[in-house]
A.B. asks: 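Got a structure for you, written out below as structure tokens; questions coming shortly.
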2 protein chains.
Amino acid sequence: MSAEFFEDPDGTREQILAATYHTLCEHGYADLTISRIGEEFEKSPSLVYHHYESKDELVLECLEFMIDRFEHRTTDDVDQPRERLEEFFGWLLESNIEVERQQFIALLVELRTLASRDESYRRQFLRSDQVLERYLSNLLNSGIERGEFRECETEQVAAYVLTTLTGVMLRRSTHDIDPAWLEDVRAELEAYLEARVYRE
Amino acid sequence: MSAEFFEDPDGTREQILAATYHTLCEHGYADLTISRIGEEFEKSPSLVYHHYESKDELVLECLEFMIDRFEHRTTDDVDQPRERLEEFFGWLLESNIEVERQQFIALLVELRTLASRDESYRRQFLRSDQVLERYLSNLLNSGIERGEFRECETEQVAAYVLTTLTGVMLRRSTHDIDPAWLEDVRAELEAYLEARVYRE
DNA sequence: CCGTTTTGATTGAACGTTCAATCAGTCCGT
DNA sequence: ACGGACTGATTGAACGTTCAATCAAAACGG
């Protein structure tokens, strides 16, 4: 997810952005230092300030980029709504995921908590939630039009499912890998969808 | 919630703990400093080290205390399971809540993210989740015995509902007060419970 | 095509601040 | 006068940020 760009960035500014992303994933926001970013892309830490105003600006741009990437990836393609839907939450509900995904999820949650005290982060996550919510309701509407889903308040369902998935992220980012509760949540989420969304 | 003790602590050690709690609520973990704790309880900041090993030990003890309090408060009393259940998630789903509750929720989420990199915090939140999960399944079992709820996998439902509520906490801690999605989530959660738990 | 100038990238050293933790010494009840 | 409670000053490390200096390459003028 949103990792392609960060693998072979061209231009120094982009390399710094990619290095920031990787450092964030590995060490988290709390332990992010300019010198660690320097280590990551093998240049002097002070070079960062030749391309960016401040550490915060850098992190925010990184976050914005991540959200943008996801946005461009979702807006289209609402064929096969049920498969898309299961794919969507499957990405979060799989057990035994790789370390990178685990770290990425934890990073998103950690950055999100910054929003409670910082206006700029709040804006980003507000937008991110809107993007996801629109994608989900599009999926639901498409399913209803095709007769695969039953009539329902799509925005309400979208907000609800998204909240649950946000909860999955937070619990995942704290608990051990492959916890037992994951299967429970998946099963009960399926049951909810059967009861409220899917047409039997 | 778990605020009684922190209002009139006796003994210096307890005063420090209470001051830590209040400072945490007001400034969050990231901006918690020893001197800010000192300001809060009107003694010298260095006194902290006369009673506690380190800052981390202090915060951990504070968190442990919060969880303990909640534990003692829940284990009994599973009469009127439906009312208890609604009261339980009502506390998180009310709109227009006071600043203190908002801050308390944000604090819990912020501390929780520490768990991804720190074993000690992970243990605490693992325990906290177990406490909540047991409380919820007790409620559900009690409801089933009384014939108010239908037969279901209580642990599975408990894990699922708790995950959703965790998501509510995370979204609440980031978004503005009184957001529109809250009512959506509440309505859809009710619908889920009607469909899967409550006997009509 | 050569020499000069300009520009942007890059570096290492240094500064100023913040903060956890320490310590030597004072206060005070018994 | 002894011991625990308490304080203010201090230390040392970490870190964001600045800055003067270097370097490579491009642009340019003759």
Side-chain angles (χ1 to χ4, degrees), chain A residues 5-6 8-64 107 110-111 113-114 117-121, chain B residues 6 8-65 107 110-111 113-115 117-121 124:
Chain A
F5 162 83
F6 290 121
D8 62 334
D10 54 333
T12 313
R13 209 184 136 89
E14 286 72 24
Q15 276 174 23
I16 295 176
L17 207 62
T20 304
Y21 173 77
H22 288 124
T23 313
L24 272 174
C25 282
E26 188 139 350
H27 299 278
Y29 176 81
D31 293 327
L32 179 79
T33 68
I34 299 285
S35 63
R36 257 198 257 267
I37 298 177
E39 284 172 28
E40 180 74 28
F41 81 120
E42 312 256 314
K43 295 268 176 67
S44 167
S46 40
L47 180 58
V48 168
Y49 291 94
H50 195 263
H51 295 275
Y52 292 91
E53 269 291 312
S54 67
K55 186 182 156 185
D56 276 323
E57 197 211 49
L58 181 53
V59 176
L60 272 166
E61 198 151 315
C62 193
L63 175 60
E64 197 173 351
L107 171 62
E110 191 184 8
L111 290 179
T113 63
L114 300 181
R117 307 201 174 261
D118 189 315
E119 172 75 33
S120 319
Y121 286 96
Chain B
F6 291 120
D8 61 336
D10 54 333
T12 312
R13 208 184 138 90
E14 287 72 24
Q15 276 173 24
I16 294 176
L17 207 62
T20 304
Y21 173 76
H22 289 124
T23 314
L24 272 173
C25 282
E26 187 138 352
H27 298 279
Y29 176 81
D31 293 328
L32 178 79
T33 67
I34 298 286
S35 64
R36 258 199 256 269
I37 297 177
E39 284 171 28
E40 182 74 27
F41 81 121
E42 310 262 318
K43 295 264 178 73
S44 168
S46 38
L47 181 59
V48 168
Y49 290 98
H50 193 263
H51 295 275
Y52 292 92
E53 269 292 312
S54 67
K55 187 181 154 186
D56 274 323
E57 196 212 47
L58 181 53
V59 176
L60 272 166
E61 198 151 316
C62 192
L63 175 60
E64 197 174 349
F65 192 89
L107 171 62
E110 190 183 7
L111 290 179
T113 63
L114 300 181
R117 308 201 173 261
D118 189 314
E119 172 75 32
S120 318
Y121 286 96
Q124 292 299 326

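Note that these values count all heavy atoms, side chains included, but never hydrogens, waters or copies made by symmetry. So that the names make sense, note that chain A is the first sequence line, chain B the second, and so on, each numbered from 1. In this text the structure is predicted, and so the values were computed from the model without any measurement.
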A.B. asks: Using a 4.0 Å heavy-atom cut-off, does B:L32 contact any base of the nucleic acid, only the sugar-phosphate backbone, or nothing at all?
C.D. replies: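 Here B:L32 touches the backbone only, sparing every base.
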
A.B. asks: In whole angstrom, give the distance that lies between atom CG of B:L47 and atom P of C:dC28.
C.D. replies: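 Taking atom P of C:dC28 as the reference, CG of B:L47 is at 15 Å.
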
A.B. asks: So do the side chains of B:Q15 and B:K43 get within less than 4.5 Å of each other, counting heavy atoms only?
C.D. replies: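 Yes, side chains in contact.
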
A.B. asks: Report yes if a side-chain nitrogen or oxygen of A:T12 is closer than 4.0 Å to either non-bridging phosphate oxygen (OP1 or OP2) of C:dT10; otherwise report no.
C.D. replies: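 For A:T12, the contact criterion (side-chain N or O under 4.0 Å from OP1 or OP2 of C:dT10) is met.
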
A.B. asks: Can you check the B:Y52 OH to D:dA5 C1' distance for me, whole Å?
C.D. replies: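 Rounded to the whole Å, the gap is 15 Å.
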
A.B. asks: Through what angle, rounded to 10 degrees, does the axis of the helix from C:dC1-D:dG30 to C:dT30-D:dA1 turn between its ends, using five pairs per end?
C.D. replies: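 Here the local axes at opposite ends form an angle of 20°.
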
A.B. asks: Round to the nearest Å and state the distance from B:D56 atom CG to C:dA21 atom P.
C.D. replies: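 Checked: the CG to P distance equals 7 Å.
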
A.B. asks: Considering only heavy atoms from C-beta outward, does the side chain of A:T113 approach that of A:Y29 to under 4.5 Å?
C.D. replies: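 No; the side chains remain at least 4.5 Å from each other.
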
A.B. asks: How many Å lie between CD1 on B:I34 and P on D:dT10, as a whole number?
C.D. replies: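 Rounded to whole Å, this separation is 20 Å.
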
A.B. asks: For a 4.5 angstrom cut-off between non-hydrogen side-chain atoms, does A:H27 reach A:T33?
C.D. replies: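 With C-beta onward as the side chain, the pair stays apart.
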
A.B. asks: What nucleic acid atoms does B:L58 come within less than 4.0 Å of, heavy atoms only: base, sugar-phosphate, or nothing?
C.D. replies: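 Touches nothing.
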
A.B. asks: Do A:Y52 and A:V59 have side chains that approach each other closer than 4.5 Å (heavy atoms only, starting at C-beta)?
C.D. replies: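 No, their side chains stay 4.5 Å or more apart.
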
A.B. asks: Tell me whether the rings of A:Y21 and A:F6 are parallel (<30°), tilted (30 to 60°) or perpendicular (>60°).
C.D. replies: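 Ring orientation of A:Y21 relative to A:F6: parallel.
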
A.B. asks: Whole angstroms only, please: what is the CD-P distance between B:E39 and D:dT7?
C.D. replies: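 Rounded to the whole Å, the gap is 14 Å.
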
A.B. asks: Evaluate A:R13 against A:E61 for salt bridge (Lys or Arg N to Asp or Glu O under 4.0 Å), listing each step before the verdict.
C.D. replies: CA-CA 11 Å; A:R13 209 184 136 89; A:E61 198 151 315; 2.6 Å; yes

A.B. asks: What's the CG-P distance between B:D31 and C:dT17, to the nearest Å?
C.D. replies: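 It is 19 Å, rounded to the nearest whole Å.
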
A.B. asks: A:H50 side chain N/O closer than 4.0 Å to the phosphate oxygens (OP1, OP2) of C:dA9?
C.D. replies: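 Yes, within the criterion.
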
A.B. asks: Would you classify B:T33 as touching base, sugar-phosphate or nothing, given that sugar-phosphate means primed atoms plus P, OP1 and OP2, and contacts are heavy atoms under 4.0 Å?
C.D. replies: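 Sugar-phosphate, backbone atoms only, no base.
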
A.B. asks: From the set C:dA21, C:dC23, D:dG16, return the single nucleotide nearest to any side-chain atom of A:K55.
C.D. replies: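 Out of C:dA21, C:dC23, D:dG16, the nucleotide with an atom closest to A:K55's side chain is D:dG16.
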
A.B. asks: Mind calculating the distance between CD (A:E42) and P (C:dT10) to the nearest angstrom?
C.D. replies: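 In whole Å, C:dT10 P and A:E42 CD are 13 Å from each other.
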
A.B. asks: Round to a whole Å and report the spacing from NZ of B:K43 to C1' of D:dG8.
C.D. replies: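 Spelled out: NZ on B:K43 to C1' on D:dG8 is 16 Å.
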
A.B. asks: With a 4.5 Å heavy-atom cut-off, do B:L32 and B:K55 have their side chains touching?
C.D. replies: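 The answer is yes; the side chains approach within 4.5 Å.
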
A.B. asks: Is the shortest side-chain N/O distance from B:Y49 to OP1 or OP2 of C:dA21 below 4.0 Å?
C.D. replies: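 Yes, because at least one side-chain N or O of B:Y49 sits under 4.0 Å from OP1 or OP2 of C:dA21.
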
A.B. asks: Between D:dG8, D:dT18, C:dA9, which nucleotide gets closest to the side-chain atoms of A:H51?
C.D. replies: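 Of all the options, the side chain of A:H51 is nearest to C:dA9.
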
